[in-house]
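Note that the numbering runs from 1 along the sequence shown for the chain. All of these numbers come straight from a predicted model, not from anything done at the bench.
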Amino acid sequence: MKKKKTLLDFIRMGRYDDVVAALETASQDDINEFGQTPLMIAIHATPQKDSDKIFKAILDWTRDVNKKDVDGYSAFSHAVSLRRVNYID
């Protein structure tokens, strides 16, 4: 049986319309096995056509941008370490 795609899957695939639709029912507690939030996953996702739009949609949806992953890094820390300067503002 096929696993249903989640918000985290849609972020990784760069599917903006699906990300926006998934945000309607997604939980702020959705994280991956590394404790990374949707915002962190958007920062790590391979840059694609709609990456900036996906990041902005998730940023607007996220209540706690300072949440940390299991290693103690915030989304800002991830953006800095990956040199995603367009996400640091």
Test side-chain hydrogen bond (donor to acceptor under 3.5 Å, both in side chains) applied to Ser81 - qualifying residues, sequence neighbours left out: none

Co-membership, hydrophobic cluster, residues Val70 and Phe76, 4.5 Å side-chain: no

Over all atoms of both residues, closest heavy-atom pair of Ala45 and Arg84: O-NH2, 3.4 Å

Contacts of His78 that satisfy side-chain hydrogen bond (donor to acceptor under 3.5 Å, both in side chains) - sequence neighbours left out: His44, Asp69

Cluster check Ile54, Val20: I/L/V/M/F/W/Y, side chain < 4.5 angstrom: yes

Residues in side-chain hydrogen bond (donor to acceptor under 3.5 Å, both in side chains) contact with Thr62, at least two apart in sequence or another chain: none

Interatomic distance, Leu82 atom CG to Ile43 atom CD1 [nearest 0.5 angstrom]: 8.0 Å

Partner set under side chain to side chain contact (heavy atoms under 4.5 Å, CB included) for Leu7, not counting sequence neighbours: Ile11, Val19, Ala22, Leu23, Ala26, Pro38, Trp61

Sequence-distant partners of Asp9, side chain to side chain contact (heavy atoms under 4.5 Å, CB included), two or more places apart: Lys3, Lys5, Thr6, Arg12, Met13

Those residues that, when tested against Lys53, pass salt bridge (Lys or Arg N to Asp or Glu O under 4.0 Å) (two or more places apart): Asp50

side-chain hydrogen bond (donor to acceptor under 3.5 Å, both in side chains) involving Asn32 - partner list, sequence neighbours excluded: Gln36

Those residues that, when tested against Phe55, pass ring-ring contact (aromatic ring centres under 6.0 Å, His included) (two or more places apart): Tyr87

Salt bridge (charged side-chain N to carboxylate O under 4.0 Å, His left out) pairs, two or more places apart, involving residues 16-32: Arg15-Asp18, Asp29-Lys67

Ile41 side, atom CD1; Phe34 side, atom CZ - distance, nearest 0.5 Å: 10.0 Å

Set of salt bridge (Lys or Arg N to Asp or Glu O under 4.0 Å) partners for Asp60, sequence neighbours left out: Lys56

